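One structure below.
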Amino acid sequence: MLNQNANSRWDVIVIGAGVVGCAIVRRLCLGGAKVLLLERGADILSGASKANSAILHTGFDAPPGSVELNCIQAGYKEYLDIHKRLNLPLLQTGALVVAWDQEQLSTLDEIVEKAHQNGVDDVAQIGKSELHAREPNLAEHALGAARVPGELVIDPWSSPLAYLTQAKLEGAEYRFNAEVNGGEFDGNSWQLSTTQGHFNAKLAINCTGNQGDIVERICAEPQFKIRPRKGQFLVYDKSAANLISSIILPVPTKITKGVVLTKTIFGNLLLGPTAEEQEDRNEAPVTTEKLEELIVIGTKMLPALSAHGVTATYAGLRPATEHKDYQIHAQPEKNWIGVNGIRSTGLTAALGIATYVENLLREKFTNSLALSDTKANKTSWPKMPMLAQHETRTHQSGDGTEMICHCESVTRGEIERALESDIPARSLGGLRRRTRVMMGRCNGFYCSAKVAKITRGRLEVPLSTGETT
Amino acid sequence: MSELVCDVAIVGAGPAGIAAATALKDAGVQNVMILEREPEAGGIPRHIHHPTFGLLVFHRPMSGPKFIARILSKCRNVQFEFNASVMEIKPEGILNIATPEGGKIVKAKHIVLATGARERPRHPRLISGLRPQGIMTTGALQKFIYGETLCPFKRPVIVGTELASFSALSTLKSGGAKAVAMIEENPRITAYRPAMCFAAIMGTPIHYNSRIVDIGGMNQVEYVRVKDKNGTRQIDCDGVIFSGGFVGETALSINSHLEHHPVSHLPLVDQNWVSSDPQISIIGNCVHPADMGDQCYMEGLEAGKHIANLIKNPRATTNQDLFHISHDSRIKMLTPSAVRIKDDDTGELTIHLHVRVPFWGKILIRQADQVLYSKTHRCLPARRITLKNVPISSHPRLNTESHFSPKIEIILGTA
Ligand SMILES: Cc1cc2nc3c(=O)[nH]c(=O)nc-3n(C[C@H](O)[C@H](O)[C@H](O)COP(=O)(O)OP(=O)(O)OC[C@H]3O[C@@H](n4cnc5c(N)ncnc54)[C@H](O)[C@@H]3O)c2cc1C
Ligand SMILES: Cc1cc2nc3c(=O)[nH]c(=O)nc-3n(C[C@H](O)[C@H](O)[C@H](O)COP(=O)(O)OP(=O)(O)OC[C@H]3O[C@@H](n4cnc5c(N)ncnc54)[C@H](O)[C@@H]3O)c2cc1C
């Protein structure tokens with residue numbers, strides 16, 4: 001077996017490069033640890049984190065007293081603190097939890113009360129006329145709402161990429177296409193076996209999302225079972241984005257936050273998600289039937305939607321468990337932390353989860369790992385490429401290169417830089433998430449051939465089988 | 001921000017835009033500028049190497065690139081701005097453009113939108129399945145094979161049986177690939193029947209009454225599942241081509257002050273291709289997705305002449321005079337989609353339309369209770385249907401003030 005990796009160069013191995021893994025790697029690097037990130041996909045965000053609603057939540061509706069609430073609020077705050085330094089965007093939309101019938105209307109009180117209990121003090125109820133003044137395109141049967149000014153929209157892909165990029169500048173290493181499939185703890189350190197050989201570190205942290213309980217078994221029998229819950233979405237054309245100004249949230253039920261209407265940071269309008277339990281942990285296909293149902297639900301809320309085109313459809317898999325709260329368990333005697341069941345708020349909570357994990361390490365793992373003071377102020381802050389529609393994009397200032405993707409206004413220079421960046425794109429998905437190329441309404445009609453040419457020999461799965469014969 | 005000034009700014013250097021520029025110059029208009037976001041002129045025909053162009057304009061079939069070379073040779077003293085993406089159109093002849101040097105403003109007396117058409121791709125069709133690589137449209141395939149000499153896959157399936165679908169078959173052959181199946185929802189092909197022979201010669205079976213219900217594969221496409229009345233079958237393949245289902249490239253107009261037709265959602269244009277903004281004309285396949293390139297060229301010539309006239313003798317055309325022609329959703333689109341009737345106008349219209357579903361029966365055009373046109377037509381989707389000699393006049397409008405509606409309505413009668 002390949003064993004050149006087996007010397008203990010690393011203090012910590014983080015397994016899984018979802019948003020949670022990326023945030024944890026960053027936090028530990030800032031604390032002076034030597035960290036290796038192992039990811040089975042060809043890029044970061046190969047799991048749940050590649051497909052979500054991209055809302056930065058306040059925690060107004062999270063279970064009071066939960067670890068989840070704690071992490072959401074810490075994550076929210078840290079994002080606001082650091083986003084400018086990383087050149088990450090923020091769209092200040094606020095949200096409205098809209099009541100569509102009398103029964104829902106009667107629960108708005110409770111929603112406001114719970115929000116206040118959770119420390120989100122600016123949540124307040126608004127009546128029908130104010131609601132329709134704020135959102136004139138909502139259907140007539142919107143009866144009232146709880147207004148949550150703090151809910152925001154962010155870039156779901158650049159954020160975790162920024163966390164890992166900063167970590168890399170602090171010395172973090174990563175391996176893609178490295179699936180952890182076993183491991184042994186010798187009392188001092190872990191030897192993890194992967195599809196790319198063995199890696200040793202003092203500690204291991206499991207952040208494998210929908211594989212969480214399987215990977216957890218490397219250490220011990222898990223106290224939870226992953227129950228993947230699929231969420232399908234429709235992305236509407238940019239022409240639809242101005243139909244709403246706030247995020248439109250439904251009154252939540254027990255199983256899901258329900259169907260949301262929100263702007264995306266890229267200037268589209270997003271409708272979804274569904275909540276569908278499934279066995280499969282890897283594949284999240286969209287289905288015509290559910291997409292059509294979503295359109296019905298969406299146009300009931302926002303009738304003008306029917307005049308606008310659909311740009312994209314996608315589905316994400318929430319790593320849910322039978323428990324309500326996150327499943328973050330430290331096992332100091334085995335140098336292992338499991339960070340699991342980060343179901344539907346992980347994008348927001350990631351930075352907070354990272355601090356939570358750091359605190360666990362500082363409290364319970366002093367024998368195995370000594371973290372230094374956080375060097376958040378001394379570190380370098382990578383400037384991420386700006387992809388938000390409401391900010392200045394590259395094509396507006398011009399980078400001397402021609403536009404390749406017309407729907408999303410992506411220049412050749414932006415594509416080249418994403419292929420050469422600190423954490424370069426090696427897959428089409430990675431390139432799309434870093435640049436927006438081929439993400440627009442034409443689904444690649446105009447630019448996919450050019451992208452195939454530019455990326456020739458530079459992606460693991462090429463866009464072409466070769467020259468024409 | 002730097003500023004470019006011209007008499008007429010044309011957006012798009014496809015057949016329609018090139019034609020409008022040619023006619024404008026021939027009519028003596030001074031500064032005609034074409035803004036094209038690609039590095040070269042030609043639009044869609046650049047990447048179509050089979051001889052489906054030229055019959056109408058030059059009376060002989062020729063390839064797309066040949067056709068473009070021929071029409072460009074007639075288009076002289078026009079300023080071409082390449083790599084110039086028009087990002088926004090505004091009232092009063094103003095355009096925001098993006099260039100490699102950054103944003104610029106263009107000011108023109110008149111603007112022509114000639115941004116063309118594309119195909120309806122996978123996502124808006126709400127097709128079930130995963131998102132592996134190898135899912136595209138015919139247009140994208142043509143850009144791969146003819147534009148970049150790259151082949152995206154070896155044995156894809158083609159969804160649809162329009163002309164573009166058979167174009168995909170032939171493009172694949174040029175690229176050294178072969179379609180394993182064509183999938184058609186209806187009991188017959190959408191293109192003219194002889195195209196079936198072509199599929200037979202290529203050795204590609206056509207599956208009728210079939211729908212694609214799943215796309216599988218983690219990295220590259222591995223299979224599709226197809227449903228017909230006998231059940232669901234898996235077809236192994238490494239790509240999926242969604243062909244036809246043309247939509248106008250109307251991103252500019254939709255996000256602008258221009259008015260759109262309530263059924264087709266395409267920008268309104270009157271009988272002279274003028275939009276709801278009298279300073280903006282719209283021509284080519286962006287207002288009628290999609291007719292043949294030759295037809296777009298001929299239309300561009302006509303529109304160019306009209307614009308030259310407008311520039312020489314600017315008439316006060318106001319929005320009030322524009323009435324959209326209403327129809328139900330069995331009609332996909334029509335041009336003109338609106339009519340400008342001035343008090344002294346009478347004339348005859350030629351209306352082109354496309355249907356979404358086959359229709360055989362009487363087509364009726366009414367204005368108030370007056371029948372303007374009534375004739376039996378046999379209409380199939382993806383064909384241009386022409387209604388000739390439709391008389392229009394402003395008279396009914398003068399008759400009464402109270403309950404007269406100037407609305408013109410096209411009614412598809414029962415067969
Ligand atoms: C439909 C939907 C909507 C959502 N909306 C929001 C929202 O608006 N706001 C918000 O804050 N959150 C939202 N979320 C939640 C958020 O996306 C998740 O909580 C978050 O992505 C979970 O991140 P993770 O890192 O725990 O898991 P993942 O992102 O799944 O990361 C796990 C990683 O581990 C890798 N991996 C798995 N097994 C192995 C192995 N054996 N070896 C190596 N690597 C492995 C995977 O490839 C993957 O990259 C939403 C989620 C969904 C599905
Ligand atoms: C896949 C496909 C196959 C076809 N096959 C045939 C065929 O075989 N024979 C045939 O006769 N017709 C065919 N057509 C129809 C085709 O649309 C016409 O032949 C013809 O190209 C229409 O001319 P046009 O000028 O309207 O548009 P286009 O030829 O599409 O030209 C539009 C131009 O506008 C430019 N543009 C668009 N937006 C902007 C912007 N914002 N800023 C600057 N520039 C912009 C584009 O880059 C393009 O160059 C096909 C169409 C498609 C999509």
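Remember, predicted model here, so these are calculated numbers, not experimental data. Lettering follows sequence order; numbering is per chain, from 1.
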Look at [options] and state which one has the largest set of heavy-atom pairs under 4.5 Å with chain A.
options	result
Gly129(B), Pro152(B), Gly175(B)	Gly129(B)
Arg118(B), Lys104(B), Glu38(B)	Arg118(B)
Pro262(B), Ser85(B), Gly102(B), Gly216(B)	Gly102(B)
Gln220(B), Arg131(B), Gln142(B), Met136(B)	Arg131(B)
Ala84(B), Ala140(B), Cys151(B)	Cys151(B)
Gly176(B), Ala177(B), Ser174(B), Pro124(B)	Pro124(B)

Can you give me the closest heavy-atom contact between [X] and [Y], atom names plus distance?
X	Y	answer
Thr465(A)	Lys154(B)	OG1-CE, 3.7 Å
Leu126(B)	Val310(A)	CD2-CG1, 4.4 Å
Ser306(A)	His265(B)	O-NE2, 4.1 Å
Pro121(B)	Cys442(A)	CG-O, 3.7 Å
Phe144(B)	Ser464(A)	CE2-CB, 4.3 Å
Asn443(A)	Arg122(B)	OD1-N, 3.7 Å

Checklist entry - Heavy-atom distance under 4.5 Å to chain B: side chain of Thr313(A), backbone, both or neither? => result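 Both parts, heavy atoms under 4.5 Å.
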For chain B, the option from [options] that forms the most heavy-atom pairs under 4.5 Å:
options	result
Ala315(A), Ser239(A), Ala284(A), Ser427(A)	Ser239(A)
Leu234(A), Ile295(A), Thr394(A), Val286(A)	Val286(A)
Glu289(A), Gln396(A), Lys238(A)	Gln396(A)

To the nearest 0.5 Å, what is the distance between [atom1] ([X]) and [atom2] ([Y])?
X	Y	atom1	atom2	value
Glu101(B)	His395(A)	CD	NE2	14.5 Å
Thr288(A)	Asp214(B)	OG1	CG	9.0 Å
Phe445(A)	Arg120(B)	CZ	CZ	14.5 Å
Glu148(B)	Glu467(A)	CD	CD	10.0 Å
Tyr446(A)	Ile44(B)	OH	CD1	6.0 Å
Asn219(B)	Glu460(A)	CG	CD	9.0 Å

Side-chain contact test, heavy atoms from C-beta onward, threshold under 4.5 Å: evaluate it for [X] versus [Y] and give yes or no.
X	Y	value
His406(A)	Glu249(B)	no
Lys143(B)	Lys450(A)	no
Glu283(A)	Met218(B)	yes
Leu463(A)	Gln133(B)	yes
Pro39(B)	Glu402(A)	no
Leu150(B)	Arg456(A)	yes

Item to check | Contacts of residues 236-244 of chain B with chain A (heavy atom under 4.5 Å) | outcome: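 Expected list: none.
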Chain A heavy atoms under 4.5 Å from [X]: which part of the residue, side chain, backbone, both or neither?
X	answer
Ile127(B)	backbone
Thr99(B)	backbone
Thr149(B)	both

Item to check | Over 12 non-hydrogen atoms of neighbours within 6.0 angstrom of CZ in Arg225(B) | outcome: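 No, the 6.0 Å shell around CZ holds no more than 12 heavy atoms from other groups.
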Item to check | Atom NZ of Lys453(A) with >12 non-hydrogen neighbours under 6.0 angstrom | outcome: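 For Lys453(A), atom NZ is crowded (more than 12 foreign heavy atoms under 6.0 Å).
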